[in-house]
Amino acid sequence: MPEAEDDDEEEMPLSLRLSIADTLTLGNATCGFMAVYFTTTGILIPDLTGSQETGMARNSAATAVILMLCAAVFDLFDGLVARKLRSSPMGAELDNLSDLISFGLAPAYFVLVYGMVADGAYQRVATVGAVVVLLAVVLRLARFSCVTVKDGTFQGMPSPFGALTVVSIVLLELPFVATLLAILGTAWLMVSRVEYPKPRGRLAVAMLSWIVLSMGLLAAWAFDAPSGQLLLQTGCALQLVMGAVIPLFATARRVNNFRDNRREARAAQLP
């Protein structure tokens, strides 16, 4: 019997074997699905049944966003592990499908539920915003699979960063029109040609540190800690600022490289 099992394992196609990186990718998808679950059971259903409690909604919203942050951690590490060890032939497809759940469906659903539970008749408009976010992530992931860009950069805001920016906009509790415009702007950045650096080396460490700090801010807000609301809003505002400022650094670096190349070309032409 053990020999038969070994023979079956040897005959298993390579494409059906999960690597360590693939397991992390599945953790990403699981976190995205659970974020949808907590958004539904802790925010939407209590609101529809008339049993909405502020504390319960706050805890569920914080849990849903923390799960999206956990999905971003899985997404960060599955790429690092895949480069260090190996990934199965279906690793790229698993990554795209998991990202679609965690950074497309989960934040879009969060926006939709926000529009349904907010004061006023915003459900239809929130639906438009949610659909735009979802389609932006779908288009971004499809383009990522088809277009080759220079090493070290992303074309458009990465979907994990975009998802966290979208939920930060919602948690800021701005006027609804301003919230919707900011969400649409984030969706545009995800499908734009604006360059964002890939999280490698020090940048990956900085991103991981920011995610851990964000989890702490969400926990403080969920448990109604002193100044928890202010700390959360400060963190959300910083997320929006980073989304706008990071591509400026990439653009400045590209301009400087262009100038340096022109100087070198002119120097090479001199006798």
Side-chain angles (χ1 to χ4, degrees), residues 28 31-32 35-36 38-39 42-43 57-73 75-76 99 102-118 122 125-126 129-130 132-134 136-137 140 154 156-192 194 196 199 203 206-223 225 227-248:
N28 171 5
C31 288
V36 173
F38 278 99
T39 304
I43 303 176
R58 184 170 59 243
N59 290 337
S60 298
T63 302
V65 179
I66 286 175
L67 284 165
M68 292 185 217
L69 288 166
C70 290
V73 173
D75 185 63
L76 176 64
D99 286 354
S102 299
F103 311 125
L105 175 61
Y109 187 70
F110 197 81
V111 171
L112 177 63
V113 172
Y114 161 73
M116 296 178 68
V117 303
Y122 296 128
V125 182
V132 169
V133 170
L134 180 62
V137 175
R140 170 173 174 72
F154 287 116
M157 180 183 286
S159 52
F161 198 89
L164 299 180
T165 303
V166 166
V167 296
S168 295
I169 294 168
V170 174
L171 293 175
L172 271 175
E173 297 183 353
L174 300 171
F176 189 83
V177 175
T179 298
L180 181 62
L181 291 177
I183 289 172
L184 295 178
T186 304
W188 175 81
L189 281 174
M190 283 193 281
V191 297
S192 70
V194 178
Y196 283 78
L203 186 58
M207 180 178 177
L208 182 60
S209 301
W210 173 248
I211 290 174
V212 173
L213 176 61
S214 299
M215 289 180 179
L217 296 177
L218 284 161
W221 174 65
F223 290 103
S227 303
Q229 180 73 21
L230 178 60
L231 289 172
L232 178 69
Q233 290 182 340
T234 301
C236 292
L238 287 174
Q239 176 72 28
L240 268 66
V241 170
M242 287 192 297
V245 170
I246 287 176
L248 295 180

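The basis for the numbers below is simple: all heavy atoms, side chains too, and nothing from hydrogens, waters or symmetry mates. Throughout, numbering of the chain's residues begins at 1 and tracks the sequence.
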What heavy-atom pair brings Trp221 and Gly228 nearest, and what distance separates the two atoms?
CB-O, 4.0 Å
Distance from Leu231 atom CG to Gln233 atom CD, nearest 0.5 Å?
10.0 Å
Closest non-hydrogen atoms of Ser60 and Ile43, given as atom of the first, atom of the second and distance, are CB-CG1, 4.0 Å
Roughly how far, to the nearest 0.5 Å, is the CE atom of Met242 from the CG atom of Leu238?
6.5 Å
Could you tell me the separation between the CG atom of Leu213 and the CG atom of Leu218, rounded to the nearest 0.5 Å?
9.5 Å
Return all side-chain donor-acceptor pairs below 3.5 angstrom for residues 163-180, not counting sequence neighbours, or 'none' if the list is empty.
unit_1, atom_1, unit_2, atom_2, d
Thr165, OG1, Phe161, O, 2.7
Thr165, OG1, Gln239, NE2, 3.2
Ser168, OG, Leu164, O, 2.7
Thr179, OG1, Leu174, O, 3.3
Thr179, OG1, Pro175, O, 3.1

Looking only at heavy atoms, which two atoms of Ala106 and Ala35 are closest? And how far apart?
CB-CB, 4.2 Å
In short, Ser214 meets Leu69 closest at the heavy-atom pair CB-CD1, 3.9 Å
If you measure from SG on Cys70 to CD1 on Ile211, what distance do you get to the nearest 0.5 Å?
9.0 Å
dist Gln229:CD -> Thr234:OG1 (nearest 0.5 Å) comes out at 10.0 Å
Measure the CG-OH distance between Leu134 and Tyr109 for me, rounded to the nearest 0.5 Å.
13.5 Å
Would you name the heavy atoms of Ser159 and Phe103 that are closest together and state the gap between them?
O-CB, 3.5 Å
Just so I know, are the side chains of Val137 and Met190 near enough to count as touching, which here means a heavy-atom distance under 4.5 Å?
yes
Step-by-step side chain to side chain contact (heavy atoms under 4.5 Å, CB included) determination, Val132 to Ile183
CA-CA 9 Å; Val132 169; Ile183 289 172; over 6 Å; no
For Ala108 and Ala130, work out which heavy atoms get closest and say how close.
O-CB, 3.1 Å
